[in-house]
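Beneath this line is the structure, given in structure tokens, with notes to follow.
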Amino acid sequence: MITAFFASNLRYNKAYSLPQIRTNPITTLYPVNELFETIQGEGVYTGTPAVFLRLQGCPVGCPWCDTQHTWEKSPAAQVDAQVMLKKTEASAAWAELSAQQLLQLFAEQGFKAKHVVITGGEPAMYDLRELGQVLEHAGYQLQIETSGTFALQITAATWVTVSPKLDMPGGYLVRPDCMQRTNEIKHPIAMQKHIDALDNLLQRCPPRAGAIISLQPISQRPRATQLAIETCIARNWRLSVQLHKYLNIE
């Protein structure tokens with residue numbers, strides 16, 4: 001069921017309006033589903049030690065999504081930070097934390113990585129500017145992984161990875177302003193029609209000059225992997241192979 005928040009953002013999405021700049025000094029609280037340190041397994045930063053910050057909530061509805069537990073932000077699933085950190089399996093439990101509280105948790109958990117991946121769910125549902133400013137001031141580099149369906153509220157230095165979700169059940173559109181801001185496009189494919197859909201998107205919503213395009217085979221399927229390899233060679237694109245799944249790590 002799409003909540004009133006999601007429904008209003010669907011209209012907002014289709015109008016391609018830009019976010020309003022917030023001037024009041026209210027501390028933003030973020031719904032955190034997971035916080036852990038690992039190796040980035042996808043895209044340009046493959047192999048980079050990273051802190052993953054997974055936010056709760058996503059209305060896009062991708063059928064193959066492997067984090068469906070992050071879709072609904074239920075008040076009944078809210079827990080405190082320590083309970084969230086101790087989760088041993090995927091669940092919809094989430095904790096509400098400020099940027100400063102997150103920075104403190106980084107230190108308490110002993111995280112060494114200086115690359116922070118904000119993922120979800122759909123993290124672009126939230127205003128991430130305060131989070132970016134706090135973490136960048138502390139020496140971290142930020143990356144957001146987004147479907148490109150919500151206006152980006154991020155710092156200028158944030159690396160944007162758009163994994164465009166096309167014709168998904170939620171009915172959301174990939175936004176031209178997201179494509180113009182993206183540093184890399186990481187597109188999941190299983191068959192030729194997914195490449196054709198990406199071609200149509202690139203025509204309708206051209207990305208910024210220099211944006212890196214990579215294809216990512218869905219679920220490591222051999223046929224999809226071969227198609228991605230052949231297409232990347234033919235077009236001088238990149239291949240993203242979800243290294244973390246081959247290594248069996250988070």
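For the pairing with Leu135, the side-chain contact (heavy atoms from CB on, under 4.5 Å) check across Leu128, Thr158, Val51, Leu142 returns one residue only, Leu142. Partner of Thr146 under the side chain to side chain donor-acceptor pair (under 3.5 Å) criterion, out of Lys165, Arg175, Glu122: Glu122 alone. The side-chain contact (heavy atoms from CB on, under 4.5 Å) test with Pro59 is passed by exactly one of Glu72, Met168, Met125: Met125. Checked options Glu136, Arg129, Gln133; the residue passing with Thr155 is Glu136 (criterion: side chain to side chain donor-acceptor pair (under 3.5 Å)). Evaluated for a side-chain contact (heavy atoms from CB on, under 4.5 Å) with Leu131, the options Leu102, Leu103, Leu97, Thr28 yield exactly one hit, Leu102.
Note on Met191 and Ile189: separate hydrophobic clusters, where clusters join Ile, Leu, Val, Met, Phe, Trp and Tyr whose side-chain heavy atoms are under 4.5 Å apart, directly or indirectly. Leu152 and Tyr172 fall within a single hydrophobic cluster, where Ile, Leu, Val, Met, Phe, Trp and Tyr side chains are chained together by heavy-atom contacts under 4.5 Å. By the rule that hydrophobic residues join a cluster once side-chain heavy atoms approach within less than 4.5 Å of another member, Met84 and Trp94 end up as members of separate clusters.
Minimum interatomic distance between Ser240 and Pro217 (heavy atoms only, all atoms of both residues): O-CD, 3.2 Å. For the pair Pro164 and Lys186, the tightest heavy-atom approach, listed with the atom from each and the gap, is CD-O, 3.8 Å. Considering all non-hydrogen atoms of both residues, Ser214 and Leu239 come closest at CB-N, 4.5 Å. Of all heavy-atom pairs spanning Leu202 and Trp237, the tightest one is CD1-CZ2, 4.2 Å. In terms of heavy atoms, Cys178 sits closest to Val162 at O-CG2, 4.1 Å. Across every non-hydrogen atom of Phe52 and Gln40, the tightest pair is CZ-OE1, 3.5 Å.
Side-chain atoms of Gln143 and Thr161 include a donor-acceptor pair closer than 3.5 Å. Between the side chains of Glu230 and Gln226, at least one donor N or O sits under 3.5 Å from an acceptor N or O.
Proximity of Met179 to Ile185: side-chain heavy atoms (C-beta onward) are separated by under 4.5 Å at one or more points. Between Phe36 and Lys87 the shortest side-chain heavy-atom distance does not fall below 4.5 Å. Put simply, the side chain of Glu34 does not reach to within 4.5 Å of the side chain of Thr119, judged on heavy atoms. Using a 4.5 Å heavy-atom threshold, the side chains of Arg208 and Arg181 count as touching.
In this structure, CD on Glu42 lies 6.0 Å from CD on Glu145, to the nearest 0.5 angstrom. How far CD of Gln109 is from CG of Leu35: 6.5 Å, rounded to the nearest 0.5 Å. In this structure, NZ in Lys193 is found 9.5 Å from CG in Asp167, a value given to the nearest 0.5 Å. The line from CG of Asp196 to CG of Leu201 is 12.5 Å long, rounded to the nearest 0.5 Å. Rounded to the nearest 0.5 angstrom, His194 NE2 and Leu215 CG are separated by 12.0 Å. Rounded to the nearest 0.5 Å, atoms SG (Cys58) and NE2 (His69) are 11.5 Å apart.
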- Message: Test side-chain contact (heavy atoms from CB on, under 4.5 Å) on Gln192 and Leu227; report intermediate values, then the result.
- Response: CA-CA 8 Å; Gln192 182 62 43; Leu227 176 60; 3.7 Å; yes
- Item | Pair Val241-Thr225, side-chain contact (heavy atoms from CB on, under 4.5 Å): steps then yes or no | CA-CA 8 Å; Val241 294; Thr225 301; 5.6 Å; no
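Connectivity analysis of hydrophobic side chains (ILVMFWY, heavy atoms under 4.5 Å, direct or indirect) links Val44 to Tyr45, Trp159, Ile212. In the hydrophobic clustering (ILVMFWY side chains linked at under 4.5 Å, chained through shared members), Leu29 stands by itself.
Electrostatic pairing of Arg235 and Asp199 counts as a salt bridge here, judged by a charged N lying under 4.0 Å from a carboxylate O.
The aromatic rings of Tyr140 and Phe106 sit perpendicular to each other, their planes meeting at more than 60°, with 30° as the lower class boundary.
A donor-acceptor pair under 3.5 Å is formed between the side chain of Glu37 and the backbone N or O of Ala113. Proximity of a side-chain donor or acceptor of Arg54 to a complementary backbone N or O of Gly120 within less than 3.5 Å is detected. Between the side chain of Tyr126 and the backbone N or O of Leu55 there is no donor-acceptor pair closer than 3.5 Å. Not a single donor-acceptor pair under 3.5 Å links the side chain of Gln56 to the backbone N or O of Ala93.
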